[in-house]
S.K.: 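Encoded as structure tokens, here's the structure I'll be asking about.
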Amino acid sequence: QVQLVESGGGLVQAGGSLRLSCAASGRTFSSYPMGWFRQAPGKEERKIVAAISWSGSSTYYADSLKGRFTISRDNAKNTVYLQMNSLKPEDTAVYYCAADTDGVGIRVRPNEYNYWGQGTQVTVSS
């Protein structure tokens, strides 16, 4: 079992920055890949934002977010981060972290992740 708790969301003006954190407990954190997803208002689908390998040596970003968002992890603190810069109103969404405890490499589809946090709201005002 893995428990994930996100924090760091909030209201920010366009152009601003936020750093999301996801604290994990349960199974050894350094043994599995992690991902960040987001679900925009009125949308049912959760879309990949970024993902990171268990060691942190490999990362993946949605094409539209490259250069603005950075995923990282601190295995000593059992935490994965998402640094979001130059935020835009279209980044408004509920952001979820997810764990893929069955995986080895980076995964990008929601159904490939088996544990999810409760989500944290990010609202970007224009």
Side-chain angles (χ1 to χ4, degrees):
Q1 283 282 61
V2 173
Q3 294 78 42
L4 303 173
V5 179
E6 302 100 334
S7 61
L11 174 64
V12 64
Q13 288 188 332
S17 298
L18 282 175
R19 188 175 83 154
L20 305 184
S21 299
C22 174
S25 60
R27 185 169 165 175
T28 305
F29 180 70
S30 60
S31 66
Y32 50 84
M34 296 288 296
W36 284 99
F37 291 79
R38 67 185 183 183
Q39 187 170 359
K43 303 291 186 181
E44 292 188 4
E45 183 184 10
R46 293 182 185 182
K47 293 188 175 182
I48 185 74
V49 173
I52 190 166
S53 62
W54 64 269
S55 67
S57 61
S58 297
T59 56
Y60 170 90
Y61 295 95
D63 285 343
S64 62
L65 302 177
K66 289 179 181 177
R68 294 196 298 124
F69 288 18
T70 303
I71 189 171
S72 61
R73 67 191 295 163
D74 185 337
N75 287 343
K77 295 183 178 180
N78 292 351
T79 302
V80 63
Y81 304 97
L82 184 68
Q83 178 68 42
M84 306 186 294
N85 298 328
S86 303
L87 283 162
K88 304 175 181 180
E90 51 263 44
D91 294 319
T92 295
V94 178
Y95 284 71
Y96 298 89
C97 70
D100 173 21
T101 61
D102 294 333
V104 177
I106 289 177
R107 310 290 185 98
V108 299
R109 287 187 285 271
N111 61 5
E112 294 172 320
Y113 287 78
N114 51 351
Y115 292 97
W116 292 82
Q118 83 287 353
T120 186
Q121 176 71 47
V122 171
T123 303
V124 184
S125 63
S126 58

S.K.: How many angstroms lie between atom CZ of R38 and atom CG of L65, to the nearest 0.5 angstrom?
M.R.: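 Separation between the atoms: 4.5 Å.
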S.K.: If I compare all heavy atoms of A24 with all of Y32, which pair ends up nearest, and what's the gap?
M.R.: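 Heavy atoms only, the tightest pair is CB-OH, 3.9 Å.
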S.K.: Specify the closest pair of heavy atoms between S53 and S57, including all atoms of both residues, with the distance to one decimal.
M.R.: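 That closest heavy-atom pairing would be OG-N, 3.3 Å.
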S.K.: Please give me the minimum heavy-atom distance between W54 and S31, naming the atom from each residue.
M.R.: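 Residues W54 and S31, closest heavy atoms: CB-C, 3.8 Å.
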S.K.: Counting C-beta onward and ignoring hydrogens, is there a side-chain heavy-atom pair between R68 and Y61 closer than 4.5 Å?
M.R.: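 No. Closest side-chain heavy atoms not under 4.5 Å.
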S.K.: With clusters built from Ile, Leu, Val, Met, Phe, Trp and Tyr whose side-chain heavy atoms come within less than 4.5 Å, directly or transitively, what are the remaining members of the cluster of Y96, listed by chain and number?
M.R.: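 Same cluster as Y96: F37, I48, Y60, V94, I106, V108, Y113, W116.
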S.K.: Can you measure from CG (L87) to CD (Q13) and round to the nearest 0.5 angstrom?
M.R.: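 So the CG of L87 and the CD of Q13 are separated by 11.5 Å.
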S.K.: In Å and rounded to the nearest 0.5 Å, what is the OG1 to CE distance from T59 to M34?
M.R.: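 With rounding to 0.5 Å, OG1 (T59) is 14.5 Å from CE (M34).
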S.K.: Taking all atoms of both residues into account, what is the closest heavy-atom pair of S125 and L11, and its distance?
M.R.: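 Taking every non-hydrogen atom into account, CB-CD1, 4.3 Å.
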S.K.: Between S17 and N85, which heavy-atom pair has the shortest distance, and what is it?
M.R.: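 Looking at all heavy atoms of both residues, the shortest contact is OG-OD1, 3.0 Å.
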S.K.: Does any part of the side chain of M84, heavy atoms only, come nearer than 4.5 Å to the side chain of L20, both counted from C-beta?
M.R.: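 Contact flag for L20/M84 side chains = yes.
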S.K.: Is there a donor-acceptor contact under 3.5 Å from the side chain of Q39 to the main chain of E44?
M.R.: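 Pair found, side chain donor or acceptor close to backbone of E44.
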S.K.: Just how far is it from atom CZ of F69 to atom OG of S86, taken to the nearest 0.5 Å?
M.R.: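 Atom-to-atom, F69:CZ and S86:OG are 9.5 Å apart.
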S.K.: Roughly how far, to the nearest 0.5 Å, is the CG atom of N114 from the CD atom of Q1?
M.R.: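 The distance works out to 9.5 Å.
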S.K.: Determine, step by step, whether D91 and V122 satisfy the side-chain contact (heavy atoms from CB on, under 4.5 Å) criterion, reporting the C-alpha distance in whole Å, the side-chain angles of both residues, the deciding distance to 0.1 Å, and the verdict.
M.R.: CA-CA 8 Å; D91 294 319; V122 171; 5.5 Å; no
S.K.: Nearest 0.5 Å, what's the CZ-CD1 distance between R73 and I52?
M.R.: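 Separation between the atoms: 6.0 Å.
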S.K.: Grab the two heavy atoms, one from P41 and one from T92, that are nearest each other, plus how far apart they are.
M.R.: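 It is CD-O, 3.4 Å.
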S.K.: Given the rule that I, L, V, M, F, W and Y join up when any side-chain heavy atoms are under 4.5 Å apart, are L4 and Y81 in one cluster?
M.R.: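 No: no chain of side-chain contacts under 4.5 Å links L4 to Y81.
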